[in-house]
Engineer: 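Can you read through this structure? Questions will come right after.
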Amino acid sequence: LGPEVQVWSAHHLGYARLDPQLRHDRTVRLDTAAHTLTVEDTLTGSSRHTLRLAWHCGPDVAVELAEDVAELSWTDAAGRRSARMSLPSDLCWTAHRGETSPILGWYSPRFGERVPSTTLVGGRAWTGRVRLTTVLELSALPVTRTLHLVREADRPLLGAQVQWAR
């Protein structure tokens, strides 16, 4: 890997109370030359589970979801920006913004304040091992060697969350 590609990996066993063999591995690959961020999640378990992968977009990001592709757009000081998010195709995807039942699609810049934002949620049942790949193509975003998916101090562009239950 050259200086334009950065890779980092981590795992956790935080849901072992549901299944002693339940493990979540995540590898993130930032390729500044290709302007892509690839997130690969691998879930391993010994029994049937239901997973939910959630991508949280910032409040200023407009999202158009068509099956497993989300078109993202926003405006910053340099003008209109856009990106494409290719989501794992074996999950069923929905978009949520400012919903109250259940509470979903909100950003909280500080305690007691909430701002509508889009959350993309994909889910399905699985057994054994499942690999999920998400690719964010930052086509209109100038990418430097270090990528910060935060537009301003309190206005993020993107966050992620993986949950699953038995």
Engineer: Restricting to non-hydrogen atoms, name the atom on Pro59 and the atom on Pro116 that form the minimum distance, rounded to 0.1 Å.
Structural biologist: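 Closest approach of Pro59 to Pro116, heavy atoms only: CB-O, 3.4 Å.
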
Engineer: Distance check, rounded to the nearest 0.5 Å: Leu138 atom CG versus Arg81 atom CZ?
Structural biologist: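 The CZ atom of Arg81 is 10.5 Å from CG of Leu138, to the nearest 0.5 Å.
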
Engineer: Taking side-chain hydrogen bond (donor to acceptor under 3.5 Å, both in side chains) as the definition, give me every residue that meets it alongside Thr119, ordered by chain and number, with sequence neighbours left out.
Structural biologist: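 side-chain hydrogen bond (donor to acceptor under 3.5 Å, both in side chains) list for Thr119, sorted by chain: His56.
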
Engineer: Check whether the side chains of Asp31 and Thr36 place a donor and an acceptor atom closer than 3.5 Å, and report yes or no.
Structural biologist: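 Asp31 vs Thr36: no donor-acceptor pair found between side chains.
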
Engineer: Can you find a heavy atom in the side chain of Thr38 that is under 4.5 Å from one in the side chain of Thr133?
Structural biologist: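 SC-SC contact between Thr38 and Thr133 confirmed.
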
Engineer: Supply the atom-to-atom distance Leu136 CG to Met85 CE, rounded to the nearest 0.5 angstrom.
Structural biologist: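 Those atoms lie 5.5 Å apart.
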
Engineer: What distance do Leu37 atom CG and Thr32 atom OG1 have between them, rounded to the nearest 0.5 Å?
Structural biologist: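 Rounded to the nearest 0.5 Å, the CG-OG1 separation comes to 11.5 Å.
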
Engineer: Specify the closest pair of heavy atoms between Leu22 and Leu13, including all atoms of both residues, with the distance to one decimal.
Structural biologist: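 That closest heavy-atom pairing would be O-CD2, 3.8 Å.
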
Engineer: If only side-chain N and O atoms count, and only distance matters, is there a donor-acceptor pair under 3.5 Å linking Ser73 with Arg80?
Structural biologist: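 Yes, a side-chain donor-acceptor pair sits under 3.5 Å.
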
Engineer: Restricting to non-hydrogen atoms, name the atom on Ser117 and the atom on Cys57 that form the minimum distance, rounded to 0.1 Å.
Structural biologist: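 Scanning both residues completely, I find the closest heavy atoms to be CB-O, 3.2 Å.
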
Engineer: Measuring only between side-chain heavy atoms, which start at C-beta, is Val69 closer than 4.5 Å to Trp93?
Structural biologist: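 No, every pair of side-chain atoms sits at 4.5 Å or beyond.
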
Engineer: Taking only residues two or more places apart in sequence or in another chain, which ones pass side-chain hydrogen bond (donor to acceptor under 3.5 Å, both in side chains) with Thr27?
Structural biologist: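 If we apply the side-chain hydrogen bond (donor to acceptor under 3.5 Å, both in side chains) test to Thr27, skipping adjacent residues, the hits are Ser9.
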
Engineer: Does a donor on one side chain sit under 3.5 Å from an acceptor on the other, for Thr127 and Arg48?
Structural biologist: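 No.
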
Engineer: Write out all pairs satisfying salt bridge (Lys or Arg N to Asp or Glu O under 4.0 Å) with one or both partners inside residues 82-95, taking only residues at least two apart or from two chains.
Structural biologist: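 Salt bridge (Lys or Arg N to Asp or Glu O under 4.0 Å) check on residues 82-95 returns Glu71-Arg84, Asp90-Arg124.
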
Engineer: Parallel, tilted or perpendicular for Trp126 and His49, by the 30°/60° rule?
Structural biologist: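 It falls in the tilted class, 30° to 60°.
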
Engineer: Could you measure the distance from the CG atom of Leu132 to the CG atom of Leu43? Nearest 0.5 Å is fine.
Structural biologist: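 Between Leu132 CG and Leu43 CG, I get 5.5 Å after rounding to 0.5 Å.
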
Engineer: Would Trp55 and Val39 count as a side-chain contact (heavy atoms from CB on, under 4.5 Å) here? Give the steps.
Structural biologist: CA-CA 11 Å; Trp55 290 101; Val39 179; 3.8 Å; yes

Engineer: Looking at residues at least two apart in the chain, or sitting in another chain, which of them share a side-chain hydrogen bond (donor to acceptor under 3.5 Å, both in side chains) with Thr94?
Structural biologist: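 Result, side-chain hydrogen bond (donor to acceptor under 3.5 Å, both in side chains) vs Thr94: His96.
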
Engineer: Hey, any chance Leu72 and Val121 share a hydrophobic cluster, counting ILVMFWY side chains that come within less than 4.5 Å of each other, even indirectly?
Structural biologist: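 No.
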
Engineer: How close do Trp74 and Val61 get, counting heavy atoms only, and between which atoms?
Structural biologist: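 Heavy atoms only, the tightest pair is CB-CA, 4.2 Å.
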
Engineer: Working to the nearest 0.5 Å, report the span between CD of Gln6 and CZ of Arg29.
Structural biologist: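 Interatomic distance, Gln6 CD to Arg29 CZ, rounded to 0.5 Å: 11.0 Å.
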
Engineer: So with a 6.0 Å cut-off around CD of Glu113, is the heavy-atom count from everything else above 12?
Structural biologist: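 Atom CD in Glu113 is packed in, count exceeds 12.
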
Engineer: Check this for me: Glu99, atom CD, are more than 12 non-hydrogen atoms of other residues, nucleotides or ligands nearer than 6.0 Å?
Structural biologist: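 More than 12 heavy atoms, drawn from other residues, nucleotides or ligands, come within 6.0 Å of this atom.
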
Engineer: Taking only residues two or more places apart in sequence, or in another chain, which ones meet Gln21 in a side-chain hydrogen bond (donor to acceptor under 3.5 Å, both in side chains)?
Structural biologist: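 Here no residue qualifies.
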
Engineer: Side chains of Leu51 and Leu91: closer than 4.5 Å at any heavy-atom pair?
Structural biologist: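 A side-chain contact exists here, since the closest heavy-atom pair is under 4.5 Å.
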
Engineer: Which heavy-atom pair separates Ser47 from Asp19 by the least distance, and what is that distance?
Structural biologist: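 Ser47 and Asp19 have their closest heavy atoms at N-OD2, 3.2 Å.
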
Engineer: Atom CG in Leu53, atom CG in Leu87: separation rounded to 0.5 Å?
Structural biologist: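 Interatomic distance, Leu53 CG to Leu87 CG, rounded to 0.5 Å: 7.5 Å.
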
Engineer: Tell me whether Val135 is reachable from Leu65 by hopping between hydrophobic residues (I, L, V, M, F, W, Y) whose side-chain heavy atoms are closer than 4.5 Å.
Structural biologist: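 No, it is not one cluster - the side chains of Leu65 and Val135 are not joined through contacts under 4.5 Å.
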
Engineer: Please identify each residue that fulfils side chain to side chain contact (heavy atoms under 4.5 Å, CB included) with Thr100, with sequence neighbours left out.
Structural biologist: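 Result, side chain to side chain contact (heavy atoms under 4.5 Å, CB included) vs Thr100: Trp106, Arg114.
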
Engineer: Are the side chains of Pro88 and Asp68 in touch, meaning some heavy atoms are under 4.5 Å apart?
Structural biologist: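 Not touching, per the 4.5 Å side-chain cut-off.
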
